[in-house]
Amino acid sequence: MDLTIRPRRLRHGEGLRKMVRETRMDPSALIYPLFVREGSGVIEEIPTMPGQYRYSVDTMGQKLQSLLDAGVTSVMFFGIPDHKDEKGSGAYAPDGIIQRALRKAKQDFPQMYRITDVCMCEYTSHGHCGVLCGEEVDNDETLKLLAKTALSHVEAGADMVAPSDMMDGRVAAIRNILDGHGYTNTPIMSYAVKYASAFYGPFRDAAGSAPAFGDRKSYQMDYHNSREGIKEALLDVDEGADIIMVKPAMSYLDMVAKVKQAVHVPVASYSVSGEYAMIKAGAQLGYIDEEKIICETAASAFRAGCDIYLTYFAEEIARYMREGKIG
C-alpha cells in the first residue's frame with residue numbers, strides 16, 4: 001500500500017518511543033501524603049490501605065528517609081489527634097500533632113519540602129470540615145480557624161499550606177493572615193476543585209475523619225458539574241492561590257485538562273485513597289498488573305495536564321522513573 005504518513009514509524013524501538021514521548025515526568029513533581037498520629041513507636045498499617053501506615057512523630061523519619069532515598073522530596077502532612085472537640089482546637093494548637101511533626105521534620109530532614117493539609121475534619125468531634133451552627137457548617141466562622149491553623153503550620157515549619165475544606169473565601173483569609181505576619185513568600189496550594197466523592201472512603205478510615213452525621217455535599221462539589229469547578233478554580237486564583245488542585249484524580253482528569261486551560265498557575269491532582277485501594281485490591285486478586293497500572297494511571301494524570309501529582313504510590317513511581325519504566 002502506498003502510504004506516505006505512517007504513525008507507526010515512531011513506535012519502533014524503546015529508544016525512539018522515549019525520544020518522541022509527549023508526556024514527561026520527574027520525581028520532583030510527586031508529593032507523598034503522610035499520616036502522623038499521637039503516641040510513640042507507632043508504625044500502624046491502615047487496614048483499608050494495605051502498605052500505608054500511620055506514624056508517630058518519632059517513627060515518621062523512617063518513611064521520610066525512604067522517600068528521600070527514592071527521590072521524593074515533598075510530603076503533605078495529615079494529623080490524627082487523640083483529642084477532638086467541636087471547634088477542632090487541635091488543628092491550630094501550638095503543640096498539636098502537625099506542629100510537632102513539622103518541627104521534627106524540619107530539624108531532621110531540612111531538605112524535605114513540607115506541605116500541610118489545612119482542614120478541620122480530623123480535629124472536630126463531629127467530623128465536619130468547620131464550625132457548626134446547628135447541623136450546618138458556618139462558612140465565615142470557619143474561615144477564622146482555617147487561617148489560624150495555616151498560620152500555626154507555617155510558624156512550625158510548613159513550606160506550603162493546602163486548604164482542603166472547600167469553604168468560600170478561605171484562600172483569601174489564609175493569604176491575608178500569612179501576609180500580615182510576614183509570610184508573603186509562603187505559597188498556597190488550594191484544593192479548589194474538590195468533589196464530594198466516594199473515592200475518599202479509605203482516607204476517612206485512615207484519618208478518623210468521617211462525619212458523625214450527614215455528608216459534605218453542601219461544601220464539596222457535585223460530581224456532575226464541570227463549569228462550577230472552573231469557577232472555583234478562578235475564584236481561588238483571584239484570592240491568591242499559587243497552585244490549583246483537582247481531587248480526585250482518576251475519574252476527574254477531564255477537570256484537570258479544563259482547569260489547565262483556564263488558569264495560569266500550576267495544576268495538581270490528588271490520586272486519592274480509593275484509587276490506591278482499588279489498585280491494591282485488584283492486584284491482590286491477580287486481576288491486574290499492579291506496577292503497570294500504577295505507571296499508567298500516573299502518566300494519564302500528567303497527560304491530562306497535571307504539573308504536580310499527590311499519590312500514595314510516590315515512592316514506587318519515583319523508582320519506576322529511575323528504572324525507565326515510566327517518565
Side-chain angles (χ1 to χ4, degrees), residues 78-79 81 84-92 116-150 161-176 188-241 244-252 254-256 258-259 262 268-270 272-275 310:
F78 293 87
K84 303 188 179 192
D85 56 38
E86 289 191 355
K87 291 196 172 183
S89 61
Y92 44 85
T116 58
D117 176 79
V118 176
C119 194
M120 310 299 294
C121 62
E122 295 108 313
Y123 304 91
T124 55
S125 53
H126 45 75
H128 279 282
C129 298
V131 181
L132 294 182
C133 181
E135 292 196 350
E136 292 289 327
V137 175
D138 187 321
N139 189 96
D140 294 3
E141 285 300 311
T142 299
L143 296 185
K144 301 172 187 176
L145 299 185
L146 292 170
K148 189 175 180 180
T149 298
V161 291
S164 63
D165 54 284
M166 288 298 286
M167 298 298 118
D168 294 338
R170 89 269 203 208
V171 172
I174 291 171
R175 186 72 273 158
N176 288 339
I188 298 172
M189 176 164 60
S190 172
Y191 290 67
V193 189
K194 181 179 178 180
Y195 287 89
S197 172
F199 281 99
Y200 303 150
F203 174 92
R204 291 173 183 172
D205 173 50
S209 62
F213 61 87
D215 54 43
R216 294 176 178 152
K217 292 180 180 179
S218 68
Y219 42 102
Q220 294 178 0
M221 285 180 50
D222 183 344
Y223 60 73
H224 296 83
N225 298 348
S226 63
R227 286 179 299 176
E228 182 185 11
I230 302 302
K231 178 174 74 174
E232 290 277 11
L234 293 173
L235 282 170
D236 282 6
V237 170
D238 285 346
E239 290 180 17
I244 292 296
M245 188 196 298
V246 176
K247 182 182 178 186
M250 186 168 62
S251 292
Y252 297 84
D254 62 317
M255 290 308 303
V256 172
K258 290 176 181 178
V259 170
S269 65
Y270 192 154
V272 297
S273 58
E275 298 172 50
L310 290 86

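- Listed here is the closest heavy atom pair of V272 and P248: CG2-CB, 3.7 Å.
- Listed by chain and number, the residues in a side-chain contact (heavy atoms from CB on, under 4.5 Å) with A268 are M189, I243, M245, I308, L310 (sequence neighbours excluded).
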Mind listing the side-chain donor-acceptor pairs of residues 227-236 below 3.5 Å, one per line with the distance, residues two or more places apart or on another chain?
| unit_1 | atom_1 | unit_2 | atom_2 | d |
| --- | --- | --- | --- | --- |
| E228 | OE1 | N225 | ND2 | 2.8 |
| D236 | OD2 | R170 | NH1 | 3.1 |
| D236 | OD2 | S190 | OG | 2.5 |

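- Of all heavy-atom pairs spanning V161 and V118, the tightest one is CB-CG2, 3.9 Å.
- By the side chain to side chain donor-acceptor pair (under 3.5 Å) test, Y195 is found to be paired with no residue, residues two or more places apart in sequence or in another chain being considered.
- Shown here for G201 and S273, the closest heavy-atom pair between the two residues is N-OG, 4.3 Å.
- For the pair L132 and V137, the minimum side-chain heavy-atom distance is below 4.5 Å.
- The shortest distance between side-chain heavy atoms of D165 and Y219 does not fall below 4.5 Å.
- Here S251 pairs with F199 under the side-chain contact (heavy atoms from CB on, under 4.5 Å) rule; sequence neighbours left out.
- Geometrically, K247 engages Y200 in a cation-pi contact, judged by NZ or CZ lying under 6.0 Å from the ring centre and within 45° of the ring axis.
- Evaluation of the salt bridge (charged side-chain N to carboxylate O under 4.0 Å, His left out) rule for E86 yields no partner, not counting sequence neighbours.
- In this structure, the side chain to side chain donor-acceptor pair (under 3.5 Å) partners of E275, at least two apart in sequence or on a different chain, are S271.
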Derivation of the side chain to side chain donor-acceptor pair (under 3.5 Å) call for D117 and Y191: CA-CA 9 Å; D117 176 79; Y191 290 67; 3.0 Å; yes

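- Separation of atoms CD (E122) and OG (S164) is listed at 7.0 Å; rounding is to 0.5 Å.
- Not counting sequence neighbours, T142 has no partner by the side chain to side chain donor-acceptor pair (under 3.5 Å) test.
- Closest heavy-atom contact between A91 and Y123: N-CD2, 3.4 Å.
- Every residue was checked against the side-chain contact (heavy atoms from CB on, under 4.5 Å) condition with N176, not counting sequence neighbours, and none meets it.
- For T124, the side-chain contact (heavy atoms from CB on, under 4.5 Å) test picks out M120, H126, with sequence neighbours left out.
- Rounding to the nearest 0.5 Å gives a distance of 8.0 Å between SG of C121 and NZ of K84.
- In this structure the side chain of Y270 never reaches within 4.5 angstrom of the side chain of K194, judged on heavy atoms.
- Contact detail for V246 and M255: the closest heavy-atom pair is CG1-CB, 3.9 Å.
- If you run side chain to side chain contact (heavy atoms under 4.5 Å, CB included) between M167 and each of D140, L143, V131, only L143 comes through.
- Scanning for side chain to side chain donor-acceptor pair (under 3.5 Å) contacts around D238 gives an empty result, with sequence neighbours left out.
- P163 is listed as a side-chain neighbour of I174, based on a closest heavy-atom distance under 4.5 Å.
- Side-chain contact between C129 and M166 is absent, with no heavy-atom pair separated by less than 4.5 Å.
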